[in-house]
Structure formats: structure tokens, C-alpha cells
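Structure record follows, encoded as C-alpha cells.
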Amino acid sequence: MDVTVLSLVDGAPGCGPRTQVLACSDALKGLGASVALVDASDNAAIDAAIDATSSSGSRLIVAADTDAQVRAVVRRAVRLLAPPPSKRPDDLPDDRTIPDLPPIGILPLAERPAIMGGLGLPVTPAEVAAAVVTGRVARTDLLRHDGGGVTIHGVRIGGGDRIWRGKIALDDVILSDGSEPLVTCVVANAGYGEADGLPLCEPDAADGVIDVAIATPFVHRGFIKRRTRIEVRRARGRAVAITPVADVPHVDDGTVTDLTRKRTWWMERGAAGWYTTA
């Protein structure tokens, strides 16, 4: 069995493999696997690793500290393997635009990517090695969006003390028409079920639907003073479109940017695969 351990690095490769990578490599070899350690500093190197493992049938482990690193590999896999609409295969399910992606293992480094907890994946080098060699795969949902990216864990829009406004439509349900103030909104797949200690939803990464929740302040005017409470609206569906009235910060799988225009996320049911011992 051939296994590639892919490490994402900034710029030129550093001084050598990380301790966790070496430990996982030793565990894989102890289980009879042949191991290749690969560094990738750009999309071309990630593509080469994905293409090599896909064509040879070898198994892939991504060594990562963050959700964004894992997402970078999955995003490239989608770009490489998703068929154009004109060549959509007949056996692709009606609610999918991509085929089943090849499974990957995730090896946490100094930090543990948050998605590992949401997906219930093994965390030690020995456990990751055993999961990959055993070949047990858990298939989970994946979100794509019209900006060309993917989301594994979830998205949070707004938050903190900054109030924002935007239109939010989940399938045929309008959660906000853009006129009312919003504290935050989450688009959840495996995580992002709460924000600032406020429970918003209970996402399940294998249920085939997106969980969307918004939190809006509601002012109760009493005889003596006004009190503000937070009202939460929840819905579940296949696709959500969010159009901010003005630029608003958003976090997508740990990556922070401003949402500046309408963005649509949709569900790819069961498209992602992960090596697991569960």
C-alpha cells in the first residue's frame, strides 16, 4: 500500500518534516505501507499530489494546523475532479455537481484543525496511520459556493458588536429581507453551531442539508426601561443565498474576509470522504 503525507508550507520547504509527520510515517511503515513525504507551497504542487494519488490509487494524508489548510486541498480536489456541466455523467445524483471525492486522512500538527472535532476523526499519528491503512471511510457533506470555493466546517457572517443587514434566503424561505438589524448568521455543516456562546443550530455533517441560523436583536419596551434580547431563526435546506447591504466580515472555515456581494452556498451530499477508525 502506498501512502502520501502532504504538508502545506509557506514558500520554500523548511528544515525538514515535522515531528508528527515523522511519527505518522513510522507508524505507517510499521503497518506495512510505503510512504512518500511531499511538501506543497502552491496550488500546482497540491494538484500534482492529488493527481498522483488519484491516478495510482495510493492514499493521501494531509498534515495541517488549520481548517483553511484542509480546505485548500479539498478545494483543489474539487477543481480537478468535478466534471463541467456539459460532461455531467449519467450516474451522478441529481442533487450533486461533483462525484465522490477520494478520501483523505488529516494529521494534526501543532494545532488541531477544528473540523476534526466536528467530523470525529482520529487525532494521534498512530491513530491516523491505522485509519488510513485500515481504509475505513466516513462520507460527509460538503458545501460549494459560487465564488469557486468549498466549505467543510461552516461560515459565520458578522458577529461581535457590529450590526449589519442583508437578505438571507434558504431555498424558498426568507430568513431576513435585508431591512432588519442582524447580529450574526451561520451557515453550518459540521460546526459553527454557536457564536459568542449563543446556541444557534445543531449541524450534522452527514444529514444532507445545510443548517442556517440568524440572530437579530429584539427590543422589548417596558414601562420603565427597554430590554434587548436576541431572537434566533433557524431553517434547513439545500442552498442559501446571502446578500449583504454593505460589506461585512465573514469567517469561512477559519479564513476571515469581507463578504462584499451576494454569495450562494449549496449542499453536496456525501461528497467528502475521511479516513476514520470510528
Side-chain angles (χ1 to χ4, degrees), residues 66-68 71 75 113-115 117-119 140-205 207-269:
T66 66
D67 287 354
R71 184 179 68 166
R75 177 174 178 266
I115 61 175
L119 299 175
T140 65
D141 305 329
L142 180 70
L143 306 184
R144 295 186 72 185
H145 67 66
D146 55 1
V150 299
T151 299
I152 305 168
H153 205 206
V155 182
R156 177 182 174 182
I157 302 165
D161 297 328
R162 179 176 174 178
I163 298 297
W164 61 286
R165 287 174 170 80
K167 181 178 179 180
I168 302 172
L170 178 65
D171 296 340
D172 297 326
V173 177
I174 303 298
L175 294 177
S176 173
D177 63 5
S179 64
E180 62 188 331
L182 301 173
V183 175
T184 194
C185 168
V186 295
V187 179
N189 183 42
Y192 287 58
E194 67 173 44
D196 299 327
L198 177 67
L200 295 173
C201 58
E202 297 181 354
D204 180 345
D207 62 2
V209 293
I210 305 172
D211 286 83
V212 178
I214 67 169
T216 181
F218 177 80
V219 178
H220 175 73
R221 293 175 172 81
F223 289 108
I224 299 176
K225 62 180 181 179
R226 290 190 277 181
R227 292 177 298 170
T228 300
R229 63 179 177 84
I230 301 298
E231 178 183 276
V232 177
R233 297 174 203 157
R234 306 172 178 88
R236 309 169 84 205
R238 184 170 186 273
V240 59
I242 300 177
T243 309
V245 171
D247 296 358
V248 59
H250 88 306
V251 185
D252 190 337
D253 277 352
T255 300
V256 182
T257 58
D258 280 347
L259 185 64
T260 61
R261 62 173 183 82
K262 179 181 179 180
R263 172 137 294 167
T264 300
W265 287 264
W266 66 89
M267 170 62 60
E268 298 284 348
R269 176 181 51 83

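Basis for what follows: all heavy atoms, side chains included, without hydrogens, waters or symmetry-related copies.
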Hey, what do you get for [atom1] ([X]) to [atom2] ([Y]), rounding to the nearest 0.5 Å?
X: Cys201; Y: Ile210; atom1: SG; atom2: CD1; result: 11.5 Å
X: Asn189; Y: Asp141; atom1: CG; atom2: CG; result: 5.5 Å
X: Asp253; Y: Thr66; atom1: CG; atom2: OG1; result: 9.5 Å
X: Thr260; Y: Asp247; atom1: OG1; atom2: CG; result: 5.5 Å

Exercise for review: Using atom types as modelled and distance alone, determine if a side-chain donor or acceptor of Asp171 lies under 3.5 Å from a backbone N or O of Ala239.
Suggested key: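 Yes; at least one donor-acceptor contact below 3.5 Å.
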Which pair of non-hydrogen atoms, one from [X] and one from [Y], has the smallest distance, and what is that distance?
X: Pro181; Y: Thr216; answer: O-OG1, 2.6 Å
X: Ala169; Y: Ile174; answer: CB-CD1, 3.6 Å
X: Gly193; Y: Pro203; answer: CA-CD, 3.9 Å
X: Ala114; Y: Asp67; answer: N-OD1, 2.8 Å
X: Ala235; Y: Leu175; answer: CB-CD2, 4.0 Å
X: Val245; Y: Gly178; answer: CG2-O, 3.7 Å

**Study point:** side-chain contact (heavy atoms from CB on, under 4.5 Å) between Val232 and Leu198, worked out
**Key:** CA-CA 9 Å; Val232 177; Leu198 177 67; 4.1 Å; yes
Check your understanding: Pairs in or reaching into residues 234-243: which pass side-chain hydrogen bond (donor to acceptor under 3.5 Å, both in side chains), with residues at least two apart or in two chains?
Key -> Asp207-Arg236, Asp211-Arg236
Review point. Would you say the side-chain atoms of Thr151 and Asp252 include a donor-acceptor pair closer than 3.5 Å?
Key: yes
Review point. With a 3.5 Å cut-off and no angle check, do the side chains of Ser176 and Arg165 form a donor-acceptor pair?
Key: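 There is no such pair between these side chains.
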Point to revise | Within residues 153-183 or reaching into it, pairs that qualify as ring-ring contact (aromatic ring centres under 6.0 Å, His included) - sequence neighbours excluded | key: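 For residues 153-183, and leaving out neighbouring residues, the ring-ring contact (aromatic ring centres under 6.0 Å, His included) pairs sorted by first residue read His153-Tyr192.
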Check your understanding: Step by step, would you call Trp266 with Leu143 a side-chain contact (heavy atoms from CB on, under 4.5 Å)?
Key -> CA-CA 5 Å; Trp266 66 89; Leu143 306 184; over 6 Å; no
Exercise for review: Walk me through it: do Thr264 and Val240 pass the test side-chain contact (heavy atoms from CB on, under 4.5 Å)?
Suggested key: CA-CA 6 Å; Thr264 300; Val240 59; over 6 Å; no
[Y] and [X], any side-chain heavy atoms less than 4.5 Å apart:
X: Val150; Y: Arg71; answer: yes
X: Pro244; Y: Arg261; answer: no
X: Ile168; Y: Leu182; answer: yes
X: Val212; Y: Val186; answer: no

Check your understanding: Are Leu142 and Ile152 close enough, and set up right, to give a side-chain contact (heavy atoms from CB on, under 4.5 Å), and what steps lead you there?
Key -> CA-CA 5 Å; Leu142 180 70; Ile152 305 168; 3.8 Å; yes
Practice item. Write out all pairs satisfying salt bridge (charged side-chain N to carboxylate O under 4.0 Å, His left out) with one or both partners inside residues 180-197, taking only residues at least two apart or from two chains. Key: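 Counting only pairs at least two positions apart or across chains, the salt bridge (charged side-chain N to carboxylate O under 4.0 Å, His left out) contacts touching residues 180-197 are Arg156-Asp196, Glu180-Arg233.
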Review point. Which of these passes side chain to side chain contact (heavy atoms under 4.5 Å, CB included) with His250: Thr257, Asp258, Thr184?
Key: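 For His250, the side chain to side chain contact (heavy atoms under 4.5 Å, CB included) check succeeds only for Thr257.
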Review point. Charged N to carboxylate O below 4.0 Å: is that the case for Asp146 and Lys262?
Key: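 No, this pair does not count.
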